[in-house]
Asks: 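I am attaching a structure below and will ask some questions about it afterwards.
Each chain gets a letter, A, B and so on, in the order its sequence line appears, and its residues count up from 1.
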Protein chains: 4
Amino acid sequence: MSFAEGNVSSTAPARSREDTRRRLVEAGTALFAAEGLHAVTSARIARSAGVATGTFYLHFKDKQELFREIVFTVLSELRERQDRASGGHEDGSRAFLRARTEELLAFAEDRRDLIRVVFGRGGESATIGEEVMDAIVPGLERAFDSRLAQGELAREVLPAIAAQAVAAMTTRVLAWWVEDPSRASREEVTQTLLALHPSRPQR
Amino acid sequence: MSFAEGNVSSTAPARSREDTRRRLVEAGTALFAAEGLHAVTSARIARSAGVATGTFYLHFKDKQELFREIVFTVLSELRERQDRASGGHEDGSRAFLRARTEELLAFAEDRRDLIRVVFGRGGESATIGEEVMDAIVPGLERAFDSRLAQGELAREVLPAIAAQAVAAMTTRVLAWWVEDPSRASREEVTQTLLALHPSRPQR
Amino acid sequence: MSFAEGNVSSTAPARSREDTRRRLVEAGTALFAAEGLHAVTSARIARSAGVATGTFYLHFKDKQELFREIVFTVLSELRERQDRASGGHEDGSRAFLRARTEELLAFAEDRRDLIRVVFGRGGESATIGEEVMDAIVPGLERAFDSRLAQGELAREVLPAIAAQAVAAMTTRVLAWWVEDPSRASREEVTQTLLALHPSRPQR
Amino acid sequence: MSFAEGNVSSTAPARSREDTRRRLVEAGTALFAAEGLHAVTSARIARSAGVATGTFYLHFKDKQELFREIVFTVLSELRERQDRASGGHEDGSRAFLRARTEELLAFAEDRRDLIRVVFGRGGESATIGEEVMDAIVPGLERAFDSRLAQGELAREVLPAIAAQAVAAMTTRVLAWWVEDPSRASREEVTQTLLALHPSRPQR
DNA sequence: AATGAATGAGGGTTCATTCAT
DNA sequence: TATGAATGAACCCTCATTCAT
């Protein structure tokens, strides 16, 4: 057993392990997007990933864990992309909001399946639905807090409520749109979402 | 009150059957509100209603049917109450909207359990969640259509999207609020919802 | 309460009771013929007879009892008709056999439903199937015994076996025929059954 | 015997799976023979095979599938044995028939349980009973067709009916005999069955 | 690390039968 | 006698998870 061989035998399985994991994530994403958390069994995910049933549990504690992983990977990737997209603009400005919204919709167009899993079917697991909200809402709430302080928000708006409202509105519109993108152009969705965004007092 | 009248309104067995049904609906409502559609079994609902497992199926084809019945009874009762409350006001006017929103919140305060079942956990069943949306969205969409025509809505707003957005926003805020009504006063919720309602073009 | 009234009130229910029973038998016959013993519930029979579920059990101990009653009523009626039909002929003669077979087929044509219940689906209940055989076989066996003694049967034929064979052959052909009477004319069935009837040694 | 050969014929897990399946088939056969299709539950078969309930469904879609498998395995094995036994004789000849009948009875003596399942209780499932007939009858009908053409059958015999009759007669006698083989010797059964077989015109 | 057969608790549902009215 | 709501045991089947290989 040469040094090289040893290397090969210790890295090849490592690569293979990651590969297996990725295959499971991909199979799970496709199935969850198409049928939802409850309708999909861990055995089917494994089969669809081309591995044995038991292999699933070498990579994930249970079905929820895979689901959760998909959901939070998406959320963090999405946030990263939005942060990058809105990087050049002043926090909370129109341009900032537009950049983030456009990036959101670009992502949704690219990865309809992921949006379906996270926002379309997330409600299937009460726990995870709550966690998704917890991942989205606090940032929004802080934003509304500061906009309220700067007088850029109607005084009667409670940031905590507005944050819930905007999170729900955005995720719902997204889910609705990816279900059938011909329902509206990307620009129409963008403009409507921006128009509905809470802003300075009216009248 | 004649003898005939008494007979007509309800025979003895009929009263008993209706009573059992009502007990099942109540037990189901409480359990669905607390744990959601999936976590509750028909056997538990029956036991909690003080009847045998089989009795459940004398009254409902299956668990979904009871769930659906609860959901759509609530929706129609709610709509009725809102219609009554907004009866005196011009369609789509501020006063109209305020009256409907106040009635919605009054209902939510009265029947937190029902709101939880319908809006908090409704998403658990993709089918029913979709149907709930279908019961709410078209009316909103028509309202936005006519408001757009009257120039009372920013021109860039697409009614179909706005309807999805407002439905999601409202139901989410409601669910969030009934989860812990101390989070905000009824008036704060009312004002925030009204402030977030899409309206005439800004700027 | 006059004498007449008393009479009415005591005989009317009596008539009604018999009527109810007859309705149950008829409903049961139709349903058993169409779907078999297992596929039919006592509640459905009652409903189809226009009475309440519980009423079924005022007339029959259980579903089997109704089934059994139908089966054995048919068997005894059939035997009576065959006896009457073959009355003028010498026991075991060709004419005797032909008369009985013709009567059997006439009955089958009249009452396809009954034949289906008794011979088509009888096998569904092992117990009753056995009893049907026990009702048919001994008579046949005695007949073969005497025909054997008279040299009208091949010597190598064991009456006990021949009786089983003829009972099975006849009931099966009957069931097959009533399932679709266009499969063969009544005369063809008669002639074939008679031709297959064990008789004097050949060759 | 190379290493490869051993591998090909059966891997360790494969052997185990087949073994479980065989145990289920054997347990099912014994139970179906003793109590019939309806009286036996899949859970009991599993328990009797020494495996868990769920294991049953790893091997068979449902109870019917196991039943069907037993029935049609028997029928095809039986046919094979009969074909082999009658191989040397001219089709439809006396010797041919005798060889097939003797093989049938030898099989019945060997595997009373199987005969009970297939012919004794087969009627319990209308569907399967029909299929069993469909597996037996067409061959008989063809045989009678050609015998009729050759004048070896009474002209008044309709082959389609005779086929039904002979199938029923044979299976019934078989079932009756295996229920208690002391009722008749194998030779007596053989001779009676042969004597009852439709043949050339009499008189 | 991967396999895949096995597990068994538990869910949904049916239905023969009872019994208070 | 009739009613029909109620009963509850029992069945079929699924599937998340384990474990010997």
Asks: In whole angstrom, what separates Phe60(A)'s CZ from dC15(F)'s C1'?
Replies: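 In whole Å, dC15(F) C1' lies 19 Å from Phe60(A) CZ.
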Asks: What is the separation between atom CG on Asp19(B) and atom C1' on dA6(F), rounded to the nearest whole Å?
Replies: 13 Å
Asks: When you look at Arg22(A) and Val25(A), which way does the side-chain contact (heavy atoms from CB on, under 4.5 Å) test go after all the steps?
Replies: CA-CA 5 Å; Arg22(A) 182 167 39 251; Val25(A) 170; 5.6 Å; no
Asks: Kindly determine whether Phe67(B) and Val40(B) satisfy side-chain contact (heavy atoms from CB on, under 4.5 Å), including the steps that lead there.
Replies: CA-CA 11 Å; Phe67(B) 192 81; Val40(B) 171; over 6 Å; no
Asks: Rounded to the nearest 0.5 Å, what's the gap from CG on Leu114(D) to CZ on Arg116(D)? Could you check?
Replies: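 Leu114(D) atom CG to Arg116(D) atom CZ measures 10.5 Å (nearest 0.5 Å).
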Asks: Does Thr55(D) put a side-chain nitrogen or oxygen below 4.0 Å from OP1 or OP2 of dT7(E)?
Replies: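 True: Thr55(D) side-chain N/O within range (under 4.0 Å) of dT7(E) OP1/OP2.
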Asks: Going through the distances and angles, do Arg23(B) and Glu18(B) end up as a salt bridge (Lys or Arg N to Asp or Glu O under 4.0 Å)?
Replies: CA-CA 9 Å; Arg23(B) 294 162 72 90; Glu18(B) 266 167 45; over 6 Å; no
Asks: Given 3.5 Å as the limit, does a donor-acceptor pair link the side chain of Glu69(C) with the main chain of Glu65(C), or not?
Replies: no
Asks: Using the rule given for side-chain contact (heavy atoms from CB on, under 4.5 Å), can you reason through Val51(C) versus Phe56(C), listing the C-alpha separation, both sets of side-chain angles and the distance that settles it, and then say yes or no?
Replies: CA-CA 8 Å; Val51(C) 300; Phe56(C) 184 95; 5.9 Å; no
Asks: Respond yes when some side-chain nitrogen or oxygen of His59(A) is under 4.0 Å from OP1 or OP2 of dA1(E), and no when none is.
Replies: no
Asks: Could you give the CZ-to-C1' distance, from Arg44(A) to dA16(F), as a whole number of Å?
Replies: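 It is 15 Å, rounded to the nearest whole Å.
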Asks: Using salt bridge (Lys or Arg N to Asp or Glu O under 4.0 Å), reason through Arg44(B) and Glu35(B) one step at a time and then give a plain yes or no.
Replies: CA-CA 12 Å; Arg44(B) 266 182 77 206; Glu35(B) 309 183 24; 2.7 Å; yes
Asks: Taking CZ from Arg47(D) and C1' from dA6(E), how many angstroms apart are they, rounded to a whole number?
Replies: 17 Å
Asks: Among dA5(F), dT3(F), dA2(E), which nucleotide has an atom closest to any side-chain atom of Leu58(C)?
Replies: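 The answer is dT3(F).
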Asks: Tell me: CZ of Arg23(D) to P of dA5(E), nearest whole Å?
Replies: 16 Å
Asks: In terms of side-chain heavy atoms of Val51(A), which of dT3(E), dT3(F), dT1(F) is nearest?
Replies: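 The listed nucleotide nearest to Val51(A)'s side chain is dT3(E).
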Asks: Backbone N or O of Ala52(B) within a donor-acceptor pair of the Arg47(B) side chain at under 3.5 Å?
Replies: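 Checking the backbone N and O of Ala52(B) against the side chain of Arg47(B), no donor-acceptor pair under 3.5 Å is found.
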Asks: Using whole Å, report how far CD1 of Ile45(C) lies from P of dG4(F).
Replies: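 Atom CD1 in Ile45(C) sits about 17 Å away from atom P in dG4(F).
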Asks: Base, backbone or nothing for each nucleotide of nucleotides 9-14 of chain F, written B, S, -, heavy atoms under 4.0 angstrom, 5' to 3'?
Replies: --SSBB
Asks: Under a 3.5 Å cut-off on both pairing distances, which runs of 3 or more consecutive Watson-Crick or G-U pairs involve DNA chain F?
Replies: E:2-21 with F:2-21
Asks: Would Phe32(B) and Leu37(B) satisfy side-chain contact (heavy atoms from CB on, under 4.5 Å), going step by step from the backbone distance to the final call?
Replies: CA-CA 5 Å; Phe32(B) 288 143; Leu37(B) 177 60; 3.9 Å; yes
Asks: Let me know, please, whether Gly50(A) or Arg21(D) comes out on the 5' side of the other along DNA chain E by nearest nucleotide.
Replies: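 Going by which nucleotide is closer to the 5' end, it is Gly50(A).
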Asks: Glu65(A) CD to dA16(F) C1': how many Å, rounded?
Replies: 14 Å
Asks: Side chain of Ala52(A) only, heavy atoms from C-beta on: which candidate in dA6(F), dA1(E), dG4(E) is closest?
Replies: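 The closest nucleotide is dG4(E).
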Asks: Return the value, rounded to whole Å, for the distance between atom CZ of Arg22(B) and atom C1' of dA5(F).
Replies: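 After rounding, the reported distance stands at 15 Å.
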